[in-house]
Each structure stands twice: as structure tokens, then as C-alpha cells.
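Note that this is a predicted model, so its numbers are computed, not measured.
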Amino acid sequence: AVENARLFEEQRFRHTLLGKMVHDFRTPLTVMKALGQVLEQMPDEPQDVVANARDILVVTQQMERQMENALELSSIDEGTRTLTPEPLDLVSALPEHVRLLAAYAAGRDLTIATDLAPDLPSAHTVPEQVWIIVDNLLFNAIKHADRKSTRLNSSHSSVSRMPSSA
């Protein structure tokens with residue numbers, strides 16, 4: 001009973017800490033979003049600046065969703081909310097997501113491209129968690145890659161060959 005009480009308190013502390021961190025991150029994220037909106041609406045800015053401003057807005061929206069998702073996962077862990085997976089079409093969504101990482105790759109003298117099998121099935125998952133995993137994999141690939149190129153390849157395996165815990 002004492003161990004369960006200690007675990008409950010630790011879980012409540014983590015949930016509270018996460019809530020405070022997300023709250024503290026919202027202010028600078030709101031400023032970044034506002035600056036992106038201002039740049040996007042500047043009438044005399046070159047098209048590449050406007051395109052970069054749009055990318056800033058997309059990324060800040062992703063960050064907002066990731067923060068909300070972190071709170072949701074914490075609530076799921078706490079037992080106050082249930083997980084709701086949804087379909088995710090990787091063939092449609094992944095190229096745009098990877099494009100947003102191209103500037104980071106270019107800064108390391110790399111190009112990044114996708115080579116996706118057109119018959120990839122939709123995933124039934126929590127999309128923001130998939131993007132966290134994809135970002136981690138791509139950032140590590142870019143960080144450790146030989147110069148000149150990094151390629152994201154995909155294929156699809158039969159479900160019968162996948163582990164039951166996948």
C-alpha cells in the first residue's frame with residue numbers, strides 16, 4: 001500500500017510538472033507563431049521569406065499539437081483519459097513532413113528525399129507520436145550521415161510477418 005501511494009504521488013508530480021512546462025513553453029511558441037504570421041503578411045517580402053514564414057507557422061502548429069499530445073499522454077498514463085488512435089496516411093503526410101526538415105539537412109550539406117512505396121497501408125495510430133519518432137530517426141540520420149545525401153525509404157511487410165507486439 002505504501003509503495004502504491006508513493007507511485008501515485010510520483011505520477012501526480014510528473015503530470016503536474018509536465019503541465020507547468022507546457023504552460024511555460026506556450027508563451028515563446030505564441031511569439032514565434034505571431035512573428036511567422038507577421039512575416040507571412042508583409043507585402044514587400046520576397047517569396048522565399050514568405051515560404052519560410054509559412055514553414056514557421058506549420059512547425060509552430062506541430063509543436064502546439066505535440067505539447068497538447070504530451071498532456072494527453074500524461075492524462076492517459078494517469079488514468080484520466082483514454083487513447084484514441086486514428087488513421088494516418090503516411091504516403092500523403094510524410095513527404096511534407098520531411099520537406100520541413102530539409103533546411104536542417106541542407107545546413108549539413110545533405111539533401112533529403114523520400115522514396116515511399118505507393119501501396120503503404122494507412123497506419124492506425126496516434127499521429128503526433130509517429131512524427132516524434134520520425135523526427136528522431138531523421139535527425140539522427142542527418143547527424144550521422146555521410147555528406148551529400150540521406151534517403152528515407154519505405155516498404156511494407158505483410159502483417160503476418162510482423163511481431164504480434166508491433
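Considering CD of Q62 and CG of D55, their distance stands at 9.5 Å, rounded to 0.5 Å. Atoms CD1 and NZ, on I56 and K33 in that order, are 13.0 Å from each other to the nearest 0.5 Å. For the atom pair CG (L137) and CD1 (I132), the distance works out to 12.0 Å, reported to the nearest 0.5 Å. Taken to the nearest 0.5 Å, the CD atom of E96 stands 10.5 Å off from the CG atom of L101. The line from OG1 of T125 to CG of L90 is 9.0 Å long, rounded to the nearest 0.5 Å. Going from atom CG of L18 over to atom NZ of K20 covers 12.0 Å, rounded to the nearest 0.5 Å.
Salt bridge E3/R6: present, at least one basic N to carboxylate O contact under 4.0 Å. A salt bridge between E9 and R12 is present, with a side-chain N of the basic residue lying under 4.0 Å from a carboxylate O of the acidic one.
With a 4.5 Å cut-off on side-chain heavy atoms, V49 and M42 do not count as touching. M67 places a side-chain heavy atom less than 4.5 Å from the side chain of F25. Side-chain contact between L94 and L120 is absent, with no heavy atoms from C-beta onward closer than 4.5 Å. Using a 4.5 Å cut-off on side-chain heavy atoms (C-beta onward), E10 and R14 make contact. When side chains are defined from C-beta on, M21 does not count as touching D24, because their heavy atoms never get closer than 4.5 Å. With a 4.5 Å cut-off on side-chain heavy atoms, L7 and Q11 do not count as touching.
Counted by atom type alone, N140 and N136 present one or more donor-acceptor pairs between their side chains at under 3.5 Å.
Formation of a donor-acceptor pair under 3.5 Å by the R54 side chain with backbone atoms of E40 is not found in this model. Distance alone, capped at 3.5 Å, is enough to place a donor-acceptor pair between the T60 side chain and the L57 backbone.
Taken together through direct or relayed side-chain contacts under 4.5 Å among Ile, Leu, Val, Met, Phe, Trp and Tyr, V130 and V98 form part of one hydrophobic cluster.
Contact detail for L110 and A145: the closest heavy-atom pair is CD1-CB, 4.1 Å.
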Dump the intermediate steps for side chain to side chain contact (heavy atoms under 4.5 Å, CB included) on R99 and V58, then the final yes or no. CA-CA 11 Å; R99 185 191 67 76; V58 168; 5.8 Å; no
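More than 12 heavy atoms of other residues, nucleotides or ligands lie within 6.0 Å of CZ in F139, so this atom counts as buried by the packing criterion.
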